[in-house]
Amino acid sequence: MASKIENPFSMRFVLPEQRALYLQMKEDDKLVAMPVIEQDELETFDYLLRDAQQNEKAVSITWWQHKKNGLGTICTMWGAVPEINENTRKVKLLTVEDVQWILLDNITDVRG
């Protein structure tokens with residue numbers, strides 16, 4: 001059985017502010033630091049992105065998104081790469097429902 005500290009909703013009365021704070025603490029526990037990517041991995045990512053752009057292939061891109069205090073979440077999205085902007089260092093990922101601009105420096109994985 002979980003204690004009342006681990007699960008404050010087992011108590012009878014919980015203020016909305018307490019519930020919001022508890023849920024925020026649980027979300028903060030899921031945050032991770034940005035992974036360190038080696039140079040050879042970056043070159044592989046660059047090759048896969050350019051190949052996807054030139055041959056109109058779909059790729060799965062995983063990137064780190066900053067949330068707070070140097071921590072963030074890992075996001076993954078699958079789609080086509082119609083554009084890579086060298087000036088802003090962003091890649092445009094196009095899906096059926098959405099368009100996402102992703103910083104090249106935050107990409108942690110690319111799968112073809």
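Since the structure is predicted, the reported quantities are computational estimates derived from the model, not experimental observations. The figures here come from the full heavy-atom set of this structure, side chains too, leaving out hydrogens, waters and symmetry mates.
Between Val99 and Lys92 the shortest side-chain heavy-atom distance falls below 4.5 Å.
Rounding to the nearest 0.5 Å places CD of Gln65 at 7.0 Å from CD of Gln100. Residue Glu97 holds its CD atom at 8.0 Å from CE of Met77, rounded to the nearest 0.5 Å.
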List the atom pairs, donor and acceptor, that lie under 3.5 Å between side-chain atoms in residues 33-40 and the rest of the protein, sequence neighbours left out.
none

Name the atoms and distances for all side-chain donor-acceptor pairs under 3.5 Å in residues 101-112, with sequence neighbours left out.
unit_1	atom_1	unit_2	atom_2	d
Asp105	OD1	Arg89	NE	3.4
Asp105	OD1	Arg89	NH2	2.9
Thr108	OG1	Thr62	O	3.1
Asp109	OD2	Arg111	NE	3.0
Asp109	OD2	Arg111	NH2	3.2

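With sequence neighbours excluded, the residues forming a side-chain contact (heavy atoms from CB on, under 4.5 Å) with Leu21 are Met25, listed by chain and number. Remark: Gln24 pairs with Asp28 by the side-chain hydrogen bond (donor to acceptor under 3.5 Å, both in side chains) rule, at least two apart or across chains. Residues forming a side-chain hydrogen bond (donor to acceptor under 3.5 Å, both in side chains) with Asn55 (at least two apart in sequence, or on another chain): Asp51.
Hydrophobic cluster membership for Leu71: Leu31 (Ile, Leu, Val, Met, Phe, Trp, Tyr linked by side-chain heavy atoms under 4.5 Å, directly or transitively).
The nearest pair of heavy atoms linking Trp78 to Ala58 is CZ2-CB, 3.4 Å.
Connection of Leu48 to Leu93 is established within a shared hydrophobic cluster, with ILVMFWY side chains joined at heavy-atom distances below 4.5 Å, either directly or through further cluster members.
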